[in-house]
Amino acid sequence: MFGAVAKTYYAAMLGKRPEQIVVVSVMPCTAKKFECQRPEMDASGSRDVDIVLTTRELGKMIHAAGIDFDALPDEEMDAPLGLSSGAADIFANTGGVMEAAIRTAYEVVTGRELPLAGLHVAEVAGLEGVKEASLKFESVKPEWKFLEGVTLEVAVAHGLGNAHRVISAVKSGEKHYHFIEVMACPGGCIGGGGQPRYTNNEVRRARIEAIYREDEGKKLRKSHENPAILQLYGDFLTDGPLGHRSHELLHTTYAPREKA
Ligand code: SF4
């Protein structure tokens, strides 16, 4: 998604064509090295992400170059899209994407601000394999009237065995959810195959605690309040969230692949 935005929105700012930009993504994930080569990953009209480095590889490169981060002066992130919210930080752990989405969905649909205590959705957090939560929309903005009184049912699974359990329950009709978050790695991306070795539950919990500390330390904790995101929609994805342009650039449909 970021690659497609970089090669369209950012490219237009620089007066460049998509193929004149090289996007390097630093990821927790070895699977992304393959994914960026998939034919579906060309929403920009060019390959959206050219190179994927894992966090472990980046760490090795930093060590090899002798860079001491503690000794470097702090700097602002580059614009555009350098500003991130706490909601982005928590994406890295199981339940984090769901929690970030709930923070935004609640405020967009009801028009009311979530109290600080409501920002952390404890039901979808933690290392339990499958987590569920319900969210009832008691009163909503007029344009969301069809959601009034609806109870949103969500599920979160991490690890493919747990994902299989959830999918089987949905297919059999035993469960019905409005939104399911699946992360393939145990614990989510904080336990990804490209992360520093070696990962066990103690390490996963420490990483989860670290990203929640990061989230809690930020003033900006909801995606829909991020000025950089608002500017992106204002200047470029002008038909808004769920509009045609954002759908084309930010969403993907995967075609089945032949089994090796
Ligand atoms: S959960 Fe694992 S496979 Fe999925 S994006 Fe994160 S690191 Fe990659």
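Count residues from 1 along the sequence. Just follow the structure's listing: the first ligand is 1, and inside any ligand the first atom is 1.
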Donor-acceptor pair between R245 and T8 side chains, under 3.5 angstrom
no
Going through the checks in order, is the salt bridge (Lys or Arg N to Asp or Glu O under 4.0 Å) test met by K145 and E148?
CA-CA 5 Å; K145 204 72 190 157; E148 186 135 279; 2.9 Å; yes
Once the angle between the rings of H176 and H178 is folded into 0 to 90°, is it parallel (under 30°), tilted (30 to 60°) or perpendicular (over 60°)?
perpendicular
How are the rings of H120 and Y212 set to each other: parallel, tilted or perpendicular (split at 30° and 60°)?
perpendicular
Distance-only polar pair, side chains of K218 and S84, donor-acceptor under 3.5 Å
yes
For ligand 1, would you mind listing the residues that have at least one heavy atom less than 4.0 Å away, ordered by chain and number?
P28, C29, K32, M183, A184, C185, G188, C189, G192
Do T94 and K131 get their side chains close enough for a donor-acceptor pair, meaning under 3.5 Å?
yes
